[in-house]
Amino acid sequence: MSALALGPYRRACGTVRLPGSKSISNRALLLAALADGATELRGLLDAEDTRLMSAALARLGVAIERRDSACAVVRGAGGRLAAHAELFLGNAGTAFRPLTAVLALAGGRYRLFGSARMHERPIGDLVDALRALGADVAYLGAEGFPPLAIGPGRIDASRPVRVRGEVSSQFLSALLMALPLAGGGAVEVEGELISRPYVEITLALMRRFGVEVAHEGLRRFCVPRARYRSPGALAVEGDASSASYFLAAGAVAGGPVRVEGAGRASIQGDVRFVEVLEAMGARVAMGEDWIEASGAPPLAAFDLDLNHIPDAAMTAAVAALFARGTSTLRNIASWRVKETDRIAAMATELRKFGATVEAGRDFLHIAPPAALAAGVAVDTYDDHRMAMCFSLATLAGVAVTIRDPGCVAKTFPDYFEVFASICRA
């Protein structure tokens, strides 16, 4: 396994242009593929997850022309996809879940599989909802998990379909994006809907492609009988989850650090990570498409419900190492079914630095040590966000080794070079 030595650093300042949002990029690729007409996607993320989505769409007969690393033209298939395909989707949940729903309503025969970790991530709630619509979806391994076999079903969307919302909001997003293929329909959410801002991203992008979904408080949704239509061109925002690492760096190590590509006008919920930094006493400024943070330790400890920003919440967990007192992250149960069990992984790695950590089913209590342990080797669990988050520990003036640093290719291939560009010894 490869390893990367980082730091020690004590200061962070500078400006970073963010890569495209993974959540927006993969949704936009799929909707552009389903639409009538060609769509130019600008600012598109070029990373493992978007390459997996693009390759899958190409196997389904969708023509995608790359103009450069951040721009592609997708020639929409108008909902007419190849009738047979085997698709490998790695550990890309933003590709696997929506494609499962779309292909279940497409009328062909498909096999979807992924990495070993993807085959451990639950998909049963989505499959149950699709079967209620008449879809033919079978498990090829453990019940409730990928890989999947999909055949032509007898789809009837005349009655509302129910989907549980407490495991992953991607199940709801997948259904909403797929339902226009069945002539529209209604979806009702059972239980708590987690990660609500990601559903709002889905609704905003469907609107850009001509499908306006009515809803009642994100509990009941009505997808109209409508076809996706290309908007001609669509600009992908910079990734707000990735912004969190640089903004946290500015907050804990002087700053100012500015990120460009996401700001006050963003449709991404993770821009609300700035609220965490403000609660810790950092100084934050925002424009329409930029955010800037500065500050210095010791920052204030926090006790926050972070259900709405599960990815950026990981950055908050490492920022807690720079706080005075015990910080608490609440309502983060979805971490258990991400790229790894992030609650267990985060607790294990924080303890290596000397932190006292209590990990529960859906929470973390983190009490930092008087001084961070030096020379820690961080295990990343093939999880890009674990790797990126723990780079921040170097800003306490300690050297850190990141094991398997290449896992950041999932969403931010040159992350460590960009991070080092804003850091000072």
Side-chain angles (χ1 to χ4, degrees), residues 23 27 93-94 96-102 104-105 117-135 137 139 142-146 148 155-179 182 184-206 213-223 241 268-270 272 303-314 328-344 359-364:
S23 296
R27 285 167 171 81
T94 56
F96 203 108
R97 276 76 177 266
L99 281 169
T100 294
V102 164
L105 305 186
R117 176 56 183 170
M118 178 57 79
H119 295 174
E120 297 172 345
R121 298 176 67 179
I123 200 168
D125 291 339
L126 176 58
V127 171
D128 288 346
L130 292 169
R131 286 174 171 174
L133 287 169
V137 185
Y139 298 112
E143 189 79 8
F145 298 87
L148 302 175
I155 305 301
D156 179 3
S158 61
R159 293 189 299 274
V161 62
R162 295 183 176 180
V163 64
R164 290 172 53 149
E166 65 266 26
V167 173
S168 174
S169 66
Q170 288 178 0
F171 301 153
L172 172 60
S173 286
L175 283 170
L176 294 174
M177 287 189 283
L179 271 173
V187 183
E188 297 175 350
V189 178
E190 293 184 329
E192 178 188 8
L193 175 60
I194 66 169
S195 307
R196 295 163 69 96
Y198 287 96
V199 177
E200 292 171 340
I201 290 175
T202 300
L203 298 177
L205 290 174
M206 290 178 69
V213 179
H215 66 90
E216 300 168 9
L218 296 182
R219 301 298 304 175
R220 190 179 192 281
F221 300 79
C222 183
V223 179
S241 302
Q268 298 170 79
D270 275 1
R272 292 183 59 188
D303 185 335
L304 296 170
D305 183 327
L306 298 175
N307 180 269
H308 58 297
I309 54 168
D311 289 339
M314 295 181 69
T328 298
L329 292 78
R330 300 188 186 278
N331 207 4
I332 54 172
S334 67
W335 281 21
R336 297 281 188 192
V337 295
K338 296 287 189 176
E339 281 80 346
T340 187
D341 179 340
R342 287 176 169 171
I343 290 180
R361 183 187 65 82
D362 65 348
F363 69 86
L364 284 172

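Counting from 1, the numbers follow the sequence of the chain as shown. What's counted below: heavy atoms across the whole structure, side chains too, no hydrogens, waters or symmetry copies.
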Enquirer: Quick one: closest heavy-atom pair of Ile155 and Gly134, and the distance?
Expert: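 In terms of heavy atoms, the two residues are closest at CD1-C, 3.8 Å.
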
Enquirer: Among Leu306, Asn307, Leu304, whose side-chain contact (heavy atoms from CB on, under 4.5 Å) with Leu329 holds?
Expert: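 In the set Leu306, Asn307, Leu304, the residue that makes a side-chain contact (heavy atoms from CB on, under 4.5 Å) with Leu329 is Leu306.
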
Enquirer: Just do the side-chain contact (heavy atoms from CB on, under 4.5 Å) check on Thr328 and Leu364 with the steps written out, would you?
Expert: CA-CA 6 Å; Thr328 298; Leu364 284 172; over 6 Å; no

Enquirer: Around atom CZ of Arg117, are there more than 12 heavy atoms of other residues, nucleotides or ligands at under 6.0 Å?
Expert: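 More than 12 heavy atoms, drawn from other residues, nucleotides or ligands, come within 6.0 Å of this atom.
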
Enquirer: Once you round to the nearest 0.5 Å, how far does CZ of Arg162 lie from CG of Asp128?
Expert: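 One gets 13.5 Å once the value is rounded to the nearest 0.5 Å.
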
Enquirer: Quick check for you: to the nearest 0.5 Å, what is the distance between Leu172 atom CG and Phe221 atom CZ?
Expert: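 Leu172 atom CG to Phe221 atom CZ measures 4.5 Å (nearest 0.5 Å).
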
Enquirer: Below 4.5 Å, heavy atoms only, C-beta onward: do Arg121 and Glu339 meet side chain to side chain?
Expert: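 Of all side-chain heavy-atom pairs linking Glu339 with Arg121, at least one is under 4.5 Å.
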
Enquirer: Near Arg336 CZ, under 6.0 Å, is it more than 12 heavy atoms from other residues, nucleotides or ligands?
Expert: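 Yes - once you tally the heavy atoms of other residues, nucleotides and ligands closer than 6.0 Å, there are more than 12.
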
Enquirer: Using 4.0 Å as the upper bound for N to carboxylate O, is an ion pair formed by Arg330 and Asp362?
Expert: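 The answer is no: the pair does not qualify as a salt bridge.
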
Enquirer: Between Ile194 and Ser334, what is the shortest heavy-atom contact and its length?
Expert: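 Of all heavy-atom pairs spanning Ile194 and Ser334, the closest is CD1-CB, 3.4 Å.
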
Enquirer: Begin from the C-alpha positions of Leu175 and Leu126 and carry the test side-chain contact (heavy atoms from CB on, under 4.5 Å) through to its verdict.
Expert: CA-CA 8 Å; Leu175 283 170; Leu126 176 58; 3.9 Å; yes

Enquirer: Could you grab the distance from atom CG of Asp156 to atom CG of Leu133, nearest 0.5 Å is fine?
Expert: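 It is 8.0 Å, given to the nearest 0.5 Å.
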
Enquirer: Where the side chain of Trp335 meets the backbone of Asp341, is there a donor-acceptor pair that is under 3.5 Å apart?
Expert: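 It does not hold such a pair.
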
Enquirer: Is any side-chain heavy atom of Cys222 closer than 4.5 Å to a side-chain heavy atom of His215?
Expert: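 Contact flag for Cys222/His215 side chains = no.
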
Enquirer: Does a side-chain N-to-carboxylate-O contact under 4.0 Å join Asp311 and Arg342?
Expert: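 Yes, this pair counts.
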
Enquirer: Find the distance between CD (Gln268) and OH (Tyr198) and round it off to the nearest 0.5 Å.
Expert: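 Reported value, rounded in 0.5 Å steps: 7.5 Å.
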
Enquirer: Return the minimal non-hydrogen interatomic distance between Gly360 and Ile343, and the atom names on each side.
Expert: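 Smallest heavy-atom distance, with atoms named: O-CG2, 3.7 Å.
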
Enquirer: Give the intermediate values and the outcome of side-chain contact (heavy atoms from CB on, under 4.5 Å) for residues Arg164 and Phe171.
Expert: CA-CA 8 Å; Arg164 290 172 53 149; Phe171 301 153; over 6 Å; no

Enquirer: Give me the atom names and distance for the closest heavy-atom approach of Tyr139 to Phe145.
Expert: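 Shortest heavy-atom separation between Tyr139 and Phe145 comes out as CD2-O, 3.3 Å.
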
Enquirer: Using only heavy-atom distances, determine whether the side chains of Thr202 and Arg27 contain a donor-acceptor pair under 3.5 Å.
Expert: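 Thr202 vs Arg27: donor-acceptor pair found between side chains.
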
Enquirer: Under a plain distance cut-off of 3.5 Å, with no hydrogens placed, do Asp305 and Asn331 share a side-chain donor-acceptor pair?
Expert: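 Yes.
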
Enquirer: On a heavy-atom basis, which atom in Leu218 and which in Val189 lie closest, and how many Å separate them?
Expert: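 Distance-wise, the nearest heavy atoms are O-CG2, 4.0 Å.
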
Enquirer: Which heavy-atom pair separates Arg219 from Leu193 by the least distance, and what is that distance?
Expert: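 Looks like NH1-N, 3.9 Å.
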
Enquirer: How long is the gap from CE on Met177 to CG on Leu203, to the nearest 0.5 Å?
Expert: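 Interatomic distance, Met177 CE to Leu203 CG, rounded to 0.5 Å: 10.0 Å.
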
Enquirer: Test side-chain contact (heavy atoms from CB on, under 4.5 Å) on Arg97 and Ser173 and set out the steps.
Expert: CA-CA 9 Å; Arg97 276 76 177 266; Ser173 286; over 6 Å; no

Enquirer: Out of curiosity, Ser169 OG to Glu192 CD, how far, rounded to the nearest 0.5 Å?
Expert: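 Going from OG on Ser169 over to CD on Glu192, the span is 11.0 Å.
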
